[in-house]
Amino acid sequence: MNPRIFLITILTFMSFISCQTQHNTNIVMEKGHVKPVFFISDWNGGANDAGFEIITDNITLNRKLQQHAGTIELQIDQPATQPKQYQIPKGEKIVFYSFGMRRSGSYKVQGIDSLQLVGKTLVVYLPKARSQEGVNQIQVISYPWVAFGVPEKYQFDTIEFK
């Protein structure tokens, strides 16, 4: 094969590939599933009733997280410091979800396996909870919450946790 034709073919192919590549802040999983880049959770500090709010700017995000900090900013025997400033990842918006009142202090979302948009419902797949047989449970009323990123283009009315 002619080296010049080979080089032109390779360059054409590379330029085609580079034009097709899109930067995505979400990790693409199986078809229709994504894993959020942004995730924060706490066992206390959420609202009395279950519900969610969409956050699209960093000022609102940081204000909301400071209002509901619970234990995420707790530093024992540490001098007072400026609260951490969080940034919304590019291409995402943040869902702040309060689970309402729970009668167990050990209720906290430990992570998100994936997200899927099904019609107008955002389905959030959580990791399987580990059994805590033989372990004393904390019996206290708590107000758990989670903040996580979803693609900006997702439009939904309800959230379902699985």
Side-chain angles (χ1 to χ4, degrees), residues 12-74 83-133 135 137-138 140-162:
T12 304
F13 178 73
M14 293 303 286
S15 66
F16 176 76
I17 294 297
S18 66
C19 290
Q20 295 299 316
T21 304
Q22 293 181 357
H23 178 68
N24 188 353
T25 57
N26 296 300
I27 299 168
V28 177
M29 304 181 76
E30 62 184 85
K31 186 176 181 178
H33 289 253
V34 295
K35 185 166 179 83
V37 173
F38 186 95
F39 174 82
I40 298 176
S41 173
D42 202 355
W43 66 274
N44 206 16
N48 290 338
D49 298 316
F52 71 94
E53 176 182 342
I54 303 294
I55 301 170
T56 57
D57 67 274
N58 292 322
I59 293 170
T60 305
L61 171 65
N62 284 291
R63 186 178 310 126
K64 189 80 166 171
L65 292 177
Q66 288 170 10
Q67 288 172 349
H68 297 278
T71 60
I72 64 170
E73 298 294 335
L74 180 63
K84 180 173 175 149
Q85 294 296 303
Y86 294 94
Q87 297 289 318
I88 298 174
K90 185 175 180 166
E92 288 193 354
K93 57 187 172 184
I94 303 299
V95 174
F96 184 91
Y97 190 93
S98 289
F99 289 91
M101 184 179 73
R102 301 288 178 170
R103 297 190 183 276
S104 171
S106 62
Y107 189 91
K108 179 180 176 183
V109 176
Q110 299 297 325
I112 294 176
D113 283 339
S114 68
L115 306 169
Q116 183 181 27
L117 188 61
V118 180
K120 288 285 193 179
T121 300
L122 178 66
V123 181
V124 180
Y125 295 92
L126 302 176
K128 192 166 190 118
R130 294 183 300 228
S131 174
Q132 294 186 350
E133 284 185 34
V135 176
Q137 294 286 322
I138 298 170
V140 65
I141 294 175
S142 64
Y143 301 89
W145 60 269
V146 62
F148 57 93
V150 299
E152 285 178 329
K153 64 183 177 185
Y154 278 20
Q155 299 296 319
F156 51 91
D157 298 327
T158 58
I159 299 177
E160 180 182 333
F161 289 88
K162 290 187 175 185

At what distance, to the nearest 0.5 angstrom, does [atom1] of [X] lie from [atom2] of [Y]?
X: Y143; Y: M101; atom1: OH; atom2: CE; answer: 5.5 Å
X: Q110; Y: F39; atom1: CD; atom2: CZ; answer: 7.5 Å
X: T158; Y: L122; atom1: OG1; atom2: CG; answer: 8.0 Å
X: Q67; Y: W145; atom1: CD; atom2: CH2; answer: 11.0 Å
X: H33; Y: Q116; atom1: NE2; atom2: CD; answer: 3.5 Å
X: I112; Y: K35; atom1: CD1; atom2: NZ; answer: 7.5 Å

Of the non-hydrogen atoms in [X] and [Y], which two are nearest, and what is the gap between them?
X: K93; Y: E152; answer: NZ-O, 3.5 Å
X: P127; Y: D113; answer: CA-OD2, 3.3 Å
X: Q155; Y: L117; answer: O-CD1, 3.8 Å
X: P36; Y: G149; answer: CB-O, 3.0 Å
X: G111; Y: L126; answer: O-CD2, 3.5 Å

Got a sec, which residues hit side chain to side chain contact (heavy atoms under 4.5 Å, CB included) with K153, two or more places apart in sequence or on another chain?
-> P151

Can you find a heavy atom in the side chain of F148 that is under 4.5 Å from one in the side chain of L115?
-> yes

Does any non-hydrogen side-chain atom of V124 lie less than 4.5 Å from one of Y97?
-> no

May I have the list of side-chain donor-acceptor pairs in residues 47-62 shorter than 3.5 Å, sequence neighbours left out?
| residue | atom | partner | partner atom | Å |
| --- | --- | --- | --- | --- |
| E53 | OE1 | K64 | NZ | 2.8 |
| D57 | OD1 | T60 | OG1 | 2.9 |
| D57 | OD2 | I59 | N | 3.3 |
| D57 | OD2 | T60 | N | 2.9 |
| D57 | OD2 | T60 | OG1 | 2.9 |
| N58 | OD1 | I88 | N | 2.7 |
| N58 | ND2 | Q87 | OE1 | 2.9 |
| N62 | OD1 | Y86 | N | 2.7 |
| N62 | ND2 | N58 | O | 2.8 |
| N62 | ND2 | Y86 | O | 2.9 |

